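To start, the structure itself, in structure tokens.
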Protein chains: 2
Amino acid sequence: MPYSNDALLQLASDVRMTSQLLSRRIRFESASEVAPHQFSVLVKVWKQPRTPGELAELERVSPPSMTRTVNCLVDAGYLTRQADPSDGRQRVLTLTDAGAALVEKTIHDRDDWMLRRLEGLTDAERADLARAVEILARVLEK
Amino acid sequence: MPYSNDALLQLASDVRMTSQLLSRRIRFESASEVAPHQFSVLVKVWKQPRTPGELAELERVSPPSMTRTVNCLVDAGYLTRQADPSDGRQRVLTLTDAGAALVEKTIHDRDDWMLRRLEGLTDAERADLARAVEILARVLEK
DNA sequence: TATTGTTATACTCTATAACTATA
DNA sequence: TATAGTTATAGAGTATAACAATA
């Protein structure tokens, strides 16, 4: 039975609401030691070193806001600033050991929270989730 | 083939990351006219009228913060305060027509954004997503 | 006396505009 | 002259503590 427009809209709404609810629960139930916007920056730098300007664009905040956020994270010992030898204007940010540890611990806690919620599922249900994840990842690439 | 512990942890991580990525995209790509925390309050009141105290608890903010947020939304014409006849201390908040219109327009925009991303999928893929939504909704009830 | 909500005050996050250093 | 980043300043969100009104 092919999907009608109404059924597809309903599915879109269900996917959106479930994702937002799950995301909210993850944020609330395994909070990091730093504020959410600060943690988001740490994760970006954890994936790869970044300049303040790149981070401001990725986080959709102004450069001055990112300067302040970065200052806090440097003061807290999670980030370090390094001069870029190829362009004296830029300053590359990297994680300290404490910063990497914080990111990895928080990610582990969140994955563990999610894991406990998937433990009671059947293998068929887990396979459904795996397929859905693959589909959504593909959809979000566009 | 039954799921190993490692495979289940990987699945948990994939589900978590996909949900957070999707949620972030929705938030960024179809922003409301009011700030996110304000919109969240409007949605709560849209579902049912609420007192400031209930909203503070639902949103995990302090009562004074909620007072301020509610003041902004009342001033902007999205909420109205009404006295509770059964308890003079409480003040029940309800949406104005403009508030309801804003909530419904934003929800529609977000669902439409999601819909456009699901349009290219096969019926089998859509059915996978529908099953995944049902599974996650069940998991989140606990 | 306990509860609901608001006001007082201080701190943090955000933005725009202005400034410094480098390209 | 343009770009990367920071500082200056102001506006908005948040919290704790104190207060007002009601139960």
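These numbers were taken from a predicted model, which means no experiment stands behind them.
Ion pairing of Asp84(A) with Arg91(A) is absent here, as no side-chain N (NZ or NE/NH1/NH2) approaches a carboxylate O to less than 4.0 Å. Under the 4.0 Å criterion applied to side-chain N and carboxylate O atoms, Arg138(B) and Glu125(A) are assigned as salt-bridge partners. Salt bridge annotation for Glu59(A)-Lys44(A): present, with a cationic side-chain nitrogen under 4.0 angstrom from a carboxylate oxygen.
Of the residues in residues 75-90 of chain B, those with a non-hydrogen atom less than 4.0 angstrom from any atom of DNA chain C are Arg81(B), Arg89(B), Gln90(B). Residues from residues 34-61 of chain B lying near DNA chain C, meaning a heavy-atom separation below 4.0 Å, are Thr51(B), Pro52(B), Gly53(B) in numerical order.
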Extract from the structure each pairing of a protein N or O with an N or O of nucleotides 7-11 of chain C at less than 3.5 Å, listing the distance.
none

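Open room surrounds CG on Asn5(A); 12 or fewer heavy atoms of other groups in view lie less than 6.0 Å from it.
In terms of phosphate contacts, Ser65(B) brings a side-chain nitrogen or oxygen within less than 4.0 Å of OP1 or OP2 of dA15(D). OP1 or OP2 of dT14(D) sits under 4.0 Å from a side-chain N or O of Thr69(B). For the pair Ser62(A) and dT14(C), the criterion of a side-chain N or O lying under 4.0 Å from OP1 or OP2 is not met.
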Could you go step by step and tell me if Leu129(A) and Leu118(A) meet the side-chain contact (heavy atoms from CB on, under 4.5 Å) rule? CA-CA 10 Å; Leu129(A) 288 185; Leu118(A) 302 186; 3.7 Å; yes
Between Gln20(B) and Arg110(A), is the side-chain contact (heavy atoms from CB on, under 4.5 Å) condition met? List the steps. CA-CA 11 Å; Gln20(B) 292 196 299; Arg110(A) 292 182 174 179; 3.9 Å; yes
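Proximity of a side-chain donor or acceptor of Arg60(A) to a complementary backbone N or O of Ala56(A) within less than 3.5 Å is not detected.
Under the 3.5 Å distance criterion, with hydrogens and angles disregarded, a donor-acceptor pair is assigned to the side chains of Thr94(B) and Thr80(B). In summary, the side chains of Ser4(A) and Asp6(A) do not present any donor paired with an acceptor at a separation below 3.5 Å, with no hydrogens or angles considered.
Rounded to the nearest 0.5 Å, atoms CD (Glu119(A)) and CG (Leu9(B)) are 10.0 Å apart.
The CE-C1' distance, from Met66(A) to dT12(C), rounds to 15 Å in whole Å.
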